[in-house]
Each structure stands twice: as C-alpha cells, then as structure tokens.
Amino acid sequence: MDWEYFCELFLGGLTRGSIYALVALGYTMVYGIIQLINFAHGEIYMIGAFTALIVTSVLTLLGLNQIAIIVLASIVAVIYSSAYGFTIEKMAYKPLRHAPRLSALISAIGMSLFLQNYVLLAQTSDFLPFPSLIPDFKVVEPFAHIIGSTEMAILITTIVVMILLTFLIKFTKIGKAMRATAQDRDMAMLAGVDVNRIISITFILGSATAAIGGILIASHIGQINFYVGFIVGIKAFVAAVLGGIGSIPGAVLGSLVLGWTESFFTGYVSSDYEDVFAFLFLVFILIFRPTGILGRSETQQV
Amino acid sequence: MTKNRFGRLFVSAIIGMCLVLSTSDIGLAAEPIKLGVAGAHSGDLASYGIPSIRAAELVAEDINASGGVLGRKVVLLTEDDVCKPEVATNTATKLLSQGVHVVLGHICSGATKAALGIYKDSKIIAMSPSATNPALTQSGDYPNFFRTIASDDAQARLNVDFALDVLKLKKIAIIHDKGDYGKGFAGFAKKFLEESGRAEVVLFEGVTPGAVDYSAVVQKIKHLKAEAVIFGGYHPEASKIVSQMRKKRMKTIFISDDGVKDDTFIKVAGKYAEGVYASGPKDTSKNPMNIAAVEAHKMKYGSDPGAFFTNAYAATLALLNAIEKAGTTDYDGVRKALRTAWVETPIGKIRFDERGDAIGAGFSVYQVQNGVYVELK
C-alpha cells in the first residue's frame, strides 16, 4: 500500500470535510433549536463569499496588505451574512413558527431560490475569479508535498471555530439558554428565556460559520458564482443528517465521514460514482441508525 | 340620375381605395421572417449563449436596413434554455408556438439534442454555432440540423495528434465532466489514443461539475504519474482542476477543448492558466467580415464579443442567405440551399455537407501565453 497516497487522500478528505462541517454547523444548530431545515443556508455561504470578494476588491484597490485584507474581508463577510441570516429568519420563518413544519420548509426552499436569483441579477452569472486570500506560507518538510498552506489554514480555522462554538454552548449563559430552548421551547420561555432572541442568535452564529466556510473554500478553489452555495449546502445538509441532525459534534463527524468517503472512493475506485457512493452510504447509515451517527432519538411525550 | 351616378362612382371609388390600401397593407406588413435564437441566456453558461443573441441582432439589423430577406423583415424570437435538455424541449415548443421559421441554436450539445426532435417533427431547421457532439450530424437522425462549428471527433483528433506528434507524450490521463459534450470529446480522445498505440491512457474518469474541490482526482493524476491531462468539459471545472494541480506544484500538461478556450477561463484561473493548451475554432480574426462584425459589436454593446460570436454570426448569415436563395422559408428549399449555395461569413466561405457540418470551418490548437490564447501554427 502506498502510504503517501493514502495520507494525501486522507488530508484531502479532511479538508473537504472541514468545509462541509463549517456549513453543516448552521444546519444542525437551527434544526436543534426550531426543528427547521434551513435550506437557504447554502446561499448564506455563497453571500459570505461574494461579500468577501467585493470587500477584497475594494481593499486591494486601496492598497492594503494581505493580512489586513483577509481580516477585514472576513469580518465584513461575517457581519453581512449574519445580517442576512437574521433577516431571513425574521421574514421567512418567524411568521410561520406555529404553522405546520412543511410550510416553513417550503418557505426555506423559496428563500434559497430567491437568494440565488437575487445574486444572479445583482452580480453576474459568470464565474468570478476569487483571489487567494490565505498567504502561501511554507509547510514543514515531511508534510510539504502532501498538504498545501490553504488546506492547513482551512483545517486550523475549522478547529478554532469548533472549539469556540463548543465553549459558547457549554459554558456561557447564551449557550445555556440555547440548550434550554432546544430541549423545550415553551418551558424555556416560562423560565424567562427570551426565545426569539435565542433563535436569532442561533441564525446569526450559523450564518457566521457558513460565511467563514464560504471565504475559505472560495479562496481555496479560486472562483465563485451565484450557484456555489447550492451543492455545498446539500452536501453539508447530508453531512448533518449523517452525523445526527441537531448534534454539533455529530455535524462535524458526519462532515468528516462524508469528506473521507468521497476522497477515498475517488482515489481508490473512481470519481465517476463519487456522489452515488456518498449518498448510498448515507442511505445505509440511515437504515441501520436512523438518528445518524451521534444523534439521539427524540421521544415525543404525549 | 346624375346624383345616383355620382353616388355609385363615389362608392366604387371608396371600394377601390380600400382595395388599394389593403393590398399595399399586405405589401408593407408581409409576414416577417421569424428567426428563433435559443441557448443559454442565463445561468453559469450564459457567456456562451449571449454572444449568439448579439450576433443575430447585428446581422438582422444589417439585413433589415437593406430591405430584409425576400422583402420581409427579420425578427428575432429569443428563448433561454439554460443549457439544460429538460428546459430546451420547452424552449423549442415555445418557439414553434410562436411560428418560428428557422432557429439559431441551441448552444450546448445536450440541449440541442433534446430540442432537435421537436423541430424535426415540425420541419424546422436549426443551426448551432457551438454544439459539437458528433452524433448530432453523424447519426443521420436529424436531417434538420446544421452547424458552423466542427464536431468533437475532429477536435479530439486534433488534440490527440498534437499530444503525440508535437508534445511527444507517452502517459496521458483523460478527465471529463460526464456531460454529453465533455464525455463525448474525452471518449474520442481515448479511442484515438488507443488506436495510435503510441501512448498509454492511464486514467479515464468523470468528475462531478460543481463539486467543492477536485483534490482527490488531482492526487490520482499525480499518483499515476501522467505527463498530461486531456480534459473534456467547460471552463469552470477546468480552471478548478488546473489551479489545484498547480498549487500542488504539478507541472502536468493540460490539454482541453473549446469549452475551455474562453477568456473567462484565463480570467478565473489567472496565473495558473499559463501554458494550458486548448483547441478552438480557427483564428479568423484577420477576416475582414470578422473585423467588421467585432467592430459592430463593440459599437453597439461596448465590449468584445464572447465565445462562438463569429460562429453564430456566420450561422445567422448562412440561414438568412439560404432563405434568400431558396426564395422561401420552406423546409426542403432552405435545406437544399444550405447545401448548395456558398456564403461569405466571418469564419470564411462556407456551405454544408450532406450531414450538416460546415465545409470550410475548422479547429486549431491554442496555448495560454502571458494571459492570452495564442494560436499555434
């Protein structure tokens, strides 16, 4: 067995999985809180990337250095995407909170198509070149020819985001309120939790991680258009379900499993059936473990 | 009596005037020639479809200014198919319901194939500036189809000859995007390489368009130590694959088709595009008609025309010329005229062979040098 090749595929899958994870977190958090699949989440990712592109172009014209550009572009993209996430929730989901779940789901799909077409009209249908924002630093020798600096940056960012998010949910007051809302919305409200605020915060957090994912991947592959959010969104959604939707470690694990499955299958078998195999795998997992890898079964009390 | 006679005269004069008016009315408003323009006008492949609308607009304006075709004005009916076969059938049906006479389009091979059956049943001729799938003409299934671009097998043959004779390659990986166009091209490249017996095809695989990254496929190419990649597909995937290869410091040669020979590819892949080979229609930029057409485009739209503009311009001219020569928009007449009458176009003097391929149009290999495609002689 060729270990170097194996390592390369492993790291490739890890990188891809990390990106899915950044997007999957948003799906899983929103689902955890209000049991809604926010199908417009992939579009938030795309809007994050577009915002970063616009900010980067302006800042490059102003002649700032690369570190300043990436920091500012990320901050603006995160704020802008969070504002989108917040607004979408207020406009498309809040009025439907007591409607049947299917209505909110359809509203989410509508929002996704609306945002795609909105960006298509406001920007362009063409693929746009995205500058590589991540500085091209030298990786230490034994790893240099199996992992690039961009991949390294993606992995590190994902790990940092995970740690921050876990800390937030486990140890802060907001996190406690989020967990309470997820367990029982009415009860949390009676206990004095401002449920609407918590839901808004969840949307903002999810949008922020998606925006970071958007910037990283756009910078990694060097191009964006209005449609990039759709496929990433679907894959991340699958990853979230695979890991157990509603569970944050589950979303990460599911994303990595999906990334590795795709990478190894392409590497050792064929890329022709990459998606076929990835989704077949999903079907098998769901047959044998309907709640996903780390999901808990919900017991509905009568 | 006098009064009565006067009255009768008056009435007949009025009737006469009405007759004159109405006949001249018919003369003025003779039914226009409806030229359908179908293709990707939105979506991620719009950069291939929009130039053909503009080409048709420019030609129609010129011809209408000089009295139209057979004394009839040319009007355009543009319909979007987003390069999707399932949309293209609707597009075709819609054009038929609007009474279209001939169609310029479609743009993508898959969409063209889907629409052609519908046109065939209604005896409508379609001429594509860009659909290169060989079966469209070679299968003989679509006698109503013509094109002003050479087919994929001609292109694959050119690329394979180039790889073997000029670059002297021995180990080649072939990648495609699983689409009608990309896979067709890649399949021919594989067939010709194997027949030649001079090079080994180490990999033949499809990638998923729009996937987040292609690192696994790129690793595989590296692992198999291919000297070159022949890619069948369009520029979004090509630029991702090339960029990922170059970021991994791979010097593997990249050869592709006219789906990649587009300035958007260079714009998106940036410095990574340097040195990439791609085949595309012969450079006809020295042709005076071509220069005039490009100038007209710049005047009207304030930009350089995009991909397949000249092929679309030529196709519009060929279609309208055939109607003029045939003296009718009738199916058989126009078909015959397309095959017999030569027409001067920006891509050279062309007519069409029995199968519908243009005689006089061909391909060259280009290379990206300092950020522009340069034709290799």
Side-chain angles (χ1 to χ4, degrees), chain A residues 2 4-9 11-13 15-17 19-20 23 117 120-121 124-132 136 144-151 213 217 220-228 230-232 235-236 259 262-276 278, chain B residues 40-50 80 82-83 175-178 183 203-224 234-244 246-250 262-273 306:
Chain A
D2 187 340
E4 189 183 313
Y5 185 52
F6 179 85
C7 288
E8 283 173 346
L9 292 176
L11 286 170
T15 313
R16 198 190 270 214
I19 286 156
Y20 291 156
V23 184
N117 285 282
L120 165 69
L121 292 174
T124 160
S125 64
D126 283 349
F127 273 91
L128 297 170
F130 196 96
S132 63
D136 201 10
H145 54 287
I146 51 174
I147 188 165
S149 49
T150 331
E151 280 107 324
I217 191 70
H220 177 50
I221 62 175
Q223 56 174 281
I224 54 168
N225 83 338
F226 73 100
Y227 200 63
V228 291
F230 182 75
I231 288 165
V232 174
K235 286 282 175 72
E262 289 181 352
S263 187
F264 283 122
F265 194 74
T266 304
Y268 287 117
V269 190
S270 163
S271 65
D272 280 318
Y273 301 98
E274 180 190 275
D275 284 357
V276 176
Chain B
H41 303 154
S42 67
D44 51 351
L45 294 170
S47 64
Y48 295 120
I50 288 169
D80 190 2
V82 256
C83 262
I175 305 289
H176 57 83
D177 68 355
K178 302 187 214 171
K183 195 173 183 183
L203 182 67
F204 182 80
E205 260 180 36
V207 296
T208 311
V212 176
D213 80 345
Y214 294 124
S215 63
V217 163
V218 169
Q219 296 292 7
K220 208 169 181 178
I221 295 166
K222 188 178 159 196
H223 184 64
L224 294 165
Y234 299 101
H235 65 80
E237 280 67 55
S239 56
K240 271 192 231 175
I241 294 173
V242 168
S243 306
Q244 294 207 320
R246 299 295 179 250
K247 277 183 189 163
K248 289 205 159 57
R249 314 246 189 289
M250 288 163 65
D262 179 289
D263 289 339
T264 320
F265 170 74
I266 302 179
K267 205 177 84 191
V268 171
K271 63 177 182 198
Y272 303 119

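Lettering of chains follows the sequences in order, A, B, ..., and the numbering in each one begins at 1. These numbers come from the heavy atoms of this one structure, side chains and all, not from hydrogens, waters or symmetry mates.
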Run A:Y268 and B:K220 through side-chain contact (heavy atoms from CB on, under 4.5 Å) and show every step you take. CA-CA 8 Å; A:Y268 287 117; B:K220 208 169 181 178; over 6 Å; no
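- Across A:S263 and B:A216, no two heavy atoms sit closer than the pair O-CB, 3.7 Å.
- Counting heavy-atom neighbours within 6.0 Å of A:F230 CZ, excluding the residue itself, gives a total of 12 or less.
- Pairing each heavy atom of A:D272 with each of B:G206, the nearest pair is OD1-N, 2.6 Å.
- Looking at B:T264, only its side chain comes within 4.5 Å of chain A, counting heavy atoms on both sides.
- Put simply, OG1 on A:T266 and CD on B:Q219 are 11.0 Å apart, with the number rounded to the nearest 0.5 Å.
- Residues passing the side chain to side chain donor-acceptor pair (under 3.5 Å) test with B:K240: none are found, sequence neighbours excluded.
- Considering all non-hydrogen atoms of both residues, B:S215 and A:G12 come closest at OG-CA, 4.0 Å.
- To the nearest 0.5 Å, atoms CG (B:D263) and CG (A:D126) are separated by 11.5 Å.
- Of the two parts of B:Q244, only the side chain, counted from C-beta on, holds a non-hydrogen atom closer than 4.5 Å to a non-hydrogen atom of chain A.
- Using cut-offs of 30° and 60° for the angle between ring planes, the A:Y5 and B:H223 rings count as parallel.
- Of the two parts of A:Y20, only the side chain, counted from C-beta on, holds a non-hydrogen atom closer than 4.5 Å to a non-hydrogen atom of chain B.
- Using a 4.5 Å cut-off between heavy atoms, A:I221 contacts chain B through both its backbone and its side chain.
- Between A:E151 and B:K247 there is no salt bridge, since no side-chain nitrogen of the basic residue lies less than 4.0 Å from a carboxylate oxygen of the acidic one.
- There is no contact between A:F130 and chain B, counting heavy-atom distances below 4.5 Å.
- With a threshold of 4.5 angstrom between heavy atoms, A:Y227 does not approach chain B through any atom at all.
- Listed options B:K178, B:E205, B:K267 were ranked by heavy-atom pairs under 4.5 angstrom with chain A; first place goes to B:E205.
- Residue A:E274 comes nearest to B:T208 through the heavy atom pair OE2-OG1, 3.9 Å, listed as atom of the first residue, atom of the second, then distance.
- Per-residue heavy-atom pair counts under 4.5 Å with chain A were compared for B:L45, B:D213, B:V217, B:I175, and the maximum is reached by B:D213.
- Between B:V212 and A:K235 the shortest side-chain heavy-atom distance does not fall below 4.5 Å.
- Proximity to chain B (any heavy atom under 4.5 Å) is restricted, for A:V269, to the backbone atoms N, CA, C and O.
- When the ring pair (Phe, Tyr, Trp, His ring centres under 6.0 Å) test is applied to B:F204, the partners found at least two apart in sequence or on another chain are B:H176.
- Between B:K248 and A:E8 no salt bridge is recorded (no basic side-chain N to carboxylate O distance below 4.0 Å).
- Residues B:V268 and A:Q223 approach most closely at CG1-CB, 3.4 Å, considering heavy atoms.
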